[in-house]
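Down below is the structure, laid out as structure tokens.
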Amino acid sequence: MKRKDAAMVCFSGGQDSTTCLFWAKKHFERVEAVCFTYGQKHALEVQVAERIARGADVPFHLLDVSLISQLDPNNSLVNDSIAMDETKPSDSYPNTFVPGRNMVFLTFAAILARSLGIKHLVTGVSEADYSGYPDCRDTFIRSLNVTLNLAMDDQFVLHTPLMDRDKSEVWALADELGVFDLVRTQTLTCYNGIIADGCGHCPACLLRKRGLEKYLSTKKA
Ligand code: ZN
């Protein structure tokens with residue numbers, strides 16, 4: 001990738017995608033962000049994402065893909081009657097798994113990017129952390145990259161700057177990029193919809209908090 005290229009970042013306003021947004025701003029001349037609504041309970045997510053994108057002077061696109069929650073409402077992010085798994089079941093994915101979500105997001109992001117003359121797509125997926133969602137794995141991303149290129153006869157490049165980083169390493173990257181405080185105080189990672197440090201007990205908050213503590217302790221050392 002050259003500095004004059006353009007990138008589209010899949011952006012939710014959380015810790016990971018916000019770090020990716022600023023990673024993209026460092027590596028690309030032009031950066032745009034795309035955020036998705038899919039029937040998630042917390043509409044605040046979109047406001048947070050839009051605010052961060054505007055603050056970073058990044059054009060913000062919002063796409064409604066709520067069809068996916070109509071196809072399969074059996075996850076706790078869109079369905080109020082399902083209590084969220086606070087730990088990962090031993091034999092399956094936690095019920096925060098939305099089947100097909102990243103495939104849908106990246107496919108729509110690619111179509112939008114193509115229309116804007118953008119080849120580079122950036123996503124904050126990682127296989128280093130606990131949930132093990134299948135569509136966060138490197139194999140899937142590589143496979144989808146090939147599929148998108150074949151589907152649109154194009155040369156997209158999917159970037160996953162967080163793929164091998166655990167949460168403490170994501171904090172370290174934010175710090176390196178000069179946005180540690182912004183990520184810490186403005187992003188929304190919490191499954192219960194609370195900005196910054198969040199509710200403190202949902203799986204996303206616990207992961208974020210443990211990563212932060214680990215990063216701060218290594219920084220001091
Ligand atoms: Zn939380």
Side-chain angles (χ1 to χ4, degrees), residues 9-22 33 35-53 55 62 65-66 68-69 72-90 92-99 101-102 105 123-136 161-163 165-175 177 179-219:
V9 180
C10 287
F11 187 54
S12 69
Q15 177 191 356
D16 295 342
S17 66
T18 301
T19 305
C20 285
L21 187 79
F22 288 94
C35 179
F36 298 93
T37 55
Y38 55 97
Q40 66 269 56
K41 292 175 201 166
H42 302 292
L44 180 64
E45 208 177 287
V46 175
Q47 293 170 31
V48 166
E50 188 165 10
R51 195 188 308 148
I52 295 171
L62 184 61
V65 292
S66 51
I68 54 173
S69 58
D72 183 357
N74 302 309
N75 70 78
S76 60
L77 298 191
V78 301
N79 191 330
D80 282 327
S81 62
I82 300 176
M84 189 191 338
D85 283 334
E86 298 227 337
T87 53
K88 183 183 184 308
S90 59
S92 64
Y93 300 111
N95 63 20
T96 47
F97 175 52
V98 181
R101 181 172 58 174
N102 282 336
F105 284 6
T123 170
V125 297
S126 163
E127 57 182 21
D129 271 323
Y130 91 121
S131 296
Y133 297 142
D135 56 356
C136 289
L162 310 186
M163 184 56 80
R165 292 175 188 260
D166 67 18
K167 277 284 184 280
S168 74
E169 293 165 324
V170 177
W171 283 112
L173 178 60
D175 210 359
L177 295 165
V179 291
F180 178 83
D181 287 333
L182 184 153
V183 171
R184 191 167 180 184
T185 58
Q186 294 187 30
T187 60
L188 171 60
T189 304
C190 174
Y191 285 137
N192 290 310
I194 301 167
I195 292 176
D197 290 338
C199 72
H201 60 80
C202 76
C205 281
L206 289 177
L207 204 58
R208 174 174 164 139
K209 187 165 76 177
R210 283 185 202 126
L212 181 61
E213 283 164 2
K214 186 173 162 200
Y215 173 62
L216 292 175
S217 69
T218 53
K219 205 183 164 184

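Atoms within a ligand are numbered from 1 in the order they appear, just like the ligands themselves.
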> Can you tell me how far the CD1 atom of Ile52 sits from the OG atom of Ser12, to the nearest 0.5 Å?
Replying inline: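 Reported to 0.5 Å precision, the distance equals 8.5 Å.
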
> Just how far is it from atom OG of Ser168 to atom NZ of Lys219, taken to the nearest 0.5 Å?
Replying inline: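 Atom-to-atom, Ser168:OG and Lys219:NZ are 13.0 Å apart.
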
>> Enumerate the salt bridge (charged side-chain N to carboxylate O under 4.0 Å, His left out) contacts for residues 199-213, please, sequence neighbours excluded, ordered by first and then second residue.
In response: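 Pairs touching residues 199-213 that pass the test: none.
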
> Tell me, which pairs form a salt bridge (charged side-chain N to carboxylate O under 4.0 Å, His left out) where one or both residues lie in residues 180-189, sequence neighbours left out?
Replying inline: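 Of all non-adjacent pairs touching residues 180-189, none passes salt bridge (charged side-chain N to carboxylate O under 4.0 Å, His left out).
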
> In the protein, how many N/O/S atoms are under 2.8 Å from the Zn ion (ligand 1)?
Replying inline: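 Near the Zn ion (ligand 1), the number of protein N, O or S atoms below 2.8 Å is 4.
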
>> Looking only at the side chains, is there a donor atom on one of Tyr133 and Asn102 sitting less than 3.5 Å from an acceptor on the other?
In response: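 Checked: Tyr133/Asn102 side chains show no N/O donor-acceptor pair below 3.5 Å.
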
> Looking at residues at least two apart in the chain, or sitting in another chain, which of them share a side chain to side chain donor-acceptor pair (under 3.5 Å) with Gln186?
Replying inline: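 Scan of Gln186 (side chain to side chain donor-acceptor pair (under 3.5 Å), adjacent residues dropped) gives none.
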
